[in-house]
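Here the structure comes first, spelled out in structure tokens, and everything after it is commentary.
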Protein chains: 2
Amino acid sequence: MAHAVTLEALRVLEAIHKLGSFAAAAEALFKVPSALTYTVKKLEDDLGVPLFDRSRQRAVLTPAGHLVLEQGRAILDATIRLEDSIKQFESGWEPKLRIARDTVLLESPLMEVVGDFLVQNRPVELTLSEESVGGGWDALQDDRVDLVIGVTGELPKGNFYTRAIGELEFVFAVAPTHPLALVEGVVTAAQLRQYPAIVVADSSKKLPARNIGIFESRQVLRVETMRSKIQAQCLGLGVGYLPKHRIMDELNSGRLVTRQCEFPRPNITAYLAWRKDSPGRGLSWFVDCLSQQDWQLIPASV
Amino acid sequence: MAHAVTLEALRVLEAIHKLGSFAAAAEALFKVPSALTYTVKKLEDDLGVPLFDRSRQRAVLTPAGHLVLEQGRAILDATIRLEDSIKQFESGWEPKLRIARDTVLLESPLMEVVGDFLVQNRPVELTLSEESVGGGWDALQDDRVDLVIGVTGELPKGNFYTRAIGELEFVFAVAPTHPLALVEGVVTAAQLRQYPAIVVADSSKKLPARNIGIFESRQVLRVETMRSKIQAQCLGLGVGYLPKHRIMDELNSGRLVTRQCEFPRPNITAYLAWRKDSPGRGLSWFVDCLSQQDWQLIPASV
DNA sequence: ACCTTTATTCAATTTTTTTGAAATAATATC
DNA sequence: GATATTATTTCAAAAAAATTGAATAAAGGT
């Protein structure tokens with residue numbers, strides 16, 4: 001047979017697997033069970049492989065069935081994206097917009113902008129996520145998000161637009177109860193090595209992980225978000241550089257104190273970044289608003 | 001309408017675009033033109049957008065049509081891959097196997113193995129390609145190849161198997177007519193800077209490009225393959241490190257001479273690498289043969 | 001053992017797709 | 001500029017495919 005696979009058959013497979021039975025799937029698809037029997041059997045005949053094991057009462061996927069299901073899901077997703085693209089093409093508004101914020105940035109400035117967007121009641125479904133270190137680039141490149149806020153470092157390969165939103169200043173901060181708080185003057189490498197370092201793990205799933213500002217400590221505690229890192233350092237669990245704009249409260253109230261460190265950490269520029277290809281009206285709107293938003297950073301020098 | 005796109009409609013779209021008319025596409029698909037009119041009109045109705053511009057005699061795609069075609073192709077490709085996967089699942093032999101050779105390696109040892117495979121007349125379609133520097137990893141990660149030979153350096157993220165095939169030794173070589181050939185003793189950084197460096201460009205399309213062994217020359221000539229680099233250096237266009245096993249002939253015949261260099265380049269291990277997931281019989285066969293093949297390298301120490 | 005749930009078979013029915021002939025329109029040719 | 005050619009659409013009829021519902025068989029729960 002020329003073309004065995006049809007989207008309808010993949011949908012049926014998916015439904016049966018998800019709901020656990022032909023009967024339940026039939027109901028969900030507004031059909032009668034024998035219709036599914038027909039569709040499934042046709043696909044099995046065309047493919048030449050049984051997709052379900054019928055030795056028991058409830059049909060369960062064979063290994064071949066799992067294979068078809070898995071790749072079939074990707075195909076169904078692609079058709080949904082295709083239909084979404086057409087909708088965007090007509091209205092200009094993308095049906096879905098995925099925004100990632102790097103964990104170095106505060107959440108509230110983003111939320112303000114999101115609030116402004118939501119009251120406009122556009123036909124756009126928003127998804128927010130948080131990334132760390134190189135993870136923002138990774139998510140963008142891997143097409144898991146459409147827009148990232150607060151990415152830093154080198155531009156990876158690919159066609160991206162960027163816009164600087166300010167400079168990040170890092171200070172070496174410890175809890176006042178931490179032994180390093182007692183050090184007068186500059187903290188040395190030897191002193192650093194005595195205490196655990198708290199680092200934010202790279203959330204990359206595809207690109208190689210970056211390790212920024214790791215000094216060789218005896219112990220490293222890896223956390224997922226900047227919030228966790230700040231909290232860990234406030235509790236005196238370890239030490240490390242923190243973005244100044246995130247810890248103004250902690251510094252003012254004395255929950256953290258700064259020290260000079262032998263290895264200074266230079267300021268780095270934070271960017272908005274998005275894919276070049278055909279931005280929808282939603283993406284354009286967010287790029288405009290987010291680049292004018294006050295992220296409480298140092299204005300970008302260049 | 002719930003689900004507008006069907007694979008059949010995408011195939012029709014693709015055929016009309018490729019062959020330039022409804023009539024030609026109909027013939028290719030063993031149908032009658034009015035059947036295509038029906039299919040296309042149905043898709044247009046369901047999507048709510050005209051896909052073809054009919055103001056002229058021959059129908060041409062509208063921008064929206066191009067969008068559907070482009071994404072549709074990806075979907076059709078995925079369905080073909082799905083059917084291929086099933087075939088592999090049944091016979092064990094993958095219908096397609098894509099092998100990349102890093103440009104540091106000789107081509108002939110691979111060709112010998114390929115020859116041995118072809119005489120077995122397996123139902124496997126082979127594709128060979130050449131990659132450079134980080135490009136092998138890139139192609140593997142991006143699923144453009146199934147197996148790479150001669151990748152070096154750090155393992156990127158992802159699930160890969162690797163097997164060492166030997167160590168690469170690099171020698172600093174220049175044409176006998178090159179000014180640096182006259183230097184006695186060790187070539188210094190200052191001397192190096194005087195002459196163009198020949199480097200093999202990273203063929204990566206997704207991962208960040210690696211730059212190995214670039215010393216800051218006034219001029220850099222970037223080439224795509226090791227063969228080009230060797231040739232450029234034989235012609236005295238520039239200098240650089242070359243893999244010793246690739247230039248034995250040139251060294252013996254005096255077309256290249258070696259010199260000591262202030263920056264020595266350590267040996268590096270070359271690997272076979274492939275994706276973990278479900279190797280077919282073809283991939284397994286190649287991994288076995290290729291890892292036993294004599295690549296004329298130094299046996300791996302570790 | 002009995003009842004319930006589940007999947008399949010099969011003939012009848014409905015829906016969808018395909019066809020071929022005729023109509024319409026745009027290019028090409030003389 | 002008239003005419004032939006090529007290309008697409010329209011429409012009713014025919015063919016193919018999908019869906020239904022009733023009957024059947026078999027598995028699991030109580």
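Not counting sequence neighbours, the partners of Ser204(B) by the side chain to side chain donor-acceptor pair (under 3.5 Å) test are Asp202(B). Partners of Glu125(A) according to the side-chain contact (heavy atoms from CB on, under 4.5 Å) rule, which considers only residues two or more places apart in sequence or in another chain, are Lys96(A). Evaluation of the side-chain contact (heavy atoms from CB on, under 4.5 Å) rule for Val114(A) yields Leu110(A), Leu118(A), Leu126(A), Leu128(A), Phe286(A) as partners, not counting sequence neighbours. For Ala100(B), the side-chain contact (heavy atoms from CB on, under 4.5 Å) partners are Ser129(B), Glu131(B), Val145(B), Val148(B), not counting sequence neighbours. For Asp143(A), the side-chain contact (heavy atoms from CB on, under 4.5 Å) criterion is met by Arg98(A), Asp146(A), Arg275(A), not counting sequence neighbours.
dA7(D) atom P lies 10 Å from atom CD of Glu27(B), rounded to whole Å.
The shortest distance between side-chain heavy atoms of Glu94(A) and Leu283(A) falls below 4.5 Å.
Residue contacts shown for Thr37(B) include a base, since a base heavy atom lies under 4.0 Å away. Ala23(A) comes within 4.0 angstrom of sugar-phosphate atoms only, judged by non-hydrogen atoms across all strands, and of no base.
With values rounded to the nearest 0.5 angstrom, Lys18(A) atom NZ is found 13.0 Å from Leu13(A) atom CG.
Recorded end-axis angle for the helix from dA1(C)-dT30(D) to dC30(C)-dG1(D) stands at 30°, based on five pairs per end and rounded to 10 degrees.
Among residue pairs with one or both ends in residues 59-94 of chain A, those qualifying as ring-ring contact (aromatic ring centres under 6.0 Å, His included) are His17(A)-His66(A); sequence neighbours excluded.
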Name each donor-acceptor pair under 3.5 Å that joins a side chain in residues 28-39 of chain B to protein atoms two or more places apart or in another chain, with its distance.
residue: Lys31(B); atom: NZ; partner: Glu8(B); partner atom: OE2; Å: 3.0
residue: Thr37(B); atom: OG1; partner: Pro33(B); partner atom: O; Å: 3.4
residue: Thr39(B); atom: OG1; partner: Ala35(B); partner atom: O; Å: 3.0

May I have the list of side-chain donor-acceptor pairs in residues 134-141 of chain A shorter than 3.5 Å, sequence neighbours left out?
residue: Trp137(A); atom: NE1; partner: Thr152(A); partner atom: O; Å: 3.0
residue: Asp138(A); atom: OD1; partner: Lys206(A); partner atom: N; Å: 2.8
residue: Asp138(A); atom: OD1; partner: Leu207(A); partner atom: N; Å: 2.5
residue: Asp138(A); atom: OD2; partner: Arg144(A); partner atom: NH1; Å: 3.2
residue: Asp138(A); atom: OD2; partner: Arg144(A); partner atom: NH2; Å: 3.0
residue: Asp138(A); atom: OD2; partner: Lys205(A); partner atom: N; Å: 2.7
residue: Asp138(A); atom: OD2; partner: Lys206(A); partner atom: N; Å: 3.3
residue: Gln141(A); atom: NE2; partner: Lys157(A); partner atom: O; Å: 2.6
residue: Gln141(A); atom: NE2; partner: Lys206(B); partner atom: O; Å: 3.0

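When each of Tyr38(A) and Tyr38(B) is assigned the nucleotide of DNA chain D bearing its nearest heavy atom, the one mapping closer to the 5' terminus is Tyr38(B). Taking for each of Lys31(A) and Gly20(B) the nucleotide of DNA chain D with the nearest heavy atom, the 5'-most of the two is the partner of Gly20(B).
Ring centroid separation for the pair Phe160(B) and Trp274(B) does not come in under the 6.0 Å cut-off.
Salt bridge status for Asp77(A) with Arg81(A): absent, with no side-chain N to carboxylate O gap under 4.0 Å. Look at Asp45(B) and Lys41(B) and you find no salt bridge, because none of the NZ, NE, NH1 or NH2 atoms lies under 4.0 Å from a carboxylate O.
Remark: nothing in residues 62-73 of chain B comes within less than 4.0 Å of DNA chain D through any heavy atom.
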Checklist entry - Along nucleotides 22-30 of chain D, 5' to 3', which nucleotides get a B, which get an S, and which get a -, given that the test is a protein heavy-atom distance under 4.0 Å? => result -----BS--
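Protein chain B touches strand DNA chain C; the 5'-most and 3'-most nucleotides with an atom under 4.0 angstrom of its non-hydrogen atoms are dT16(C) to dT27(C).
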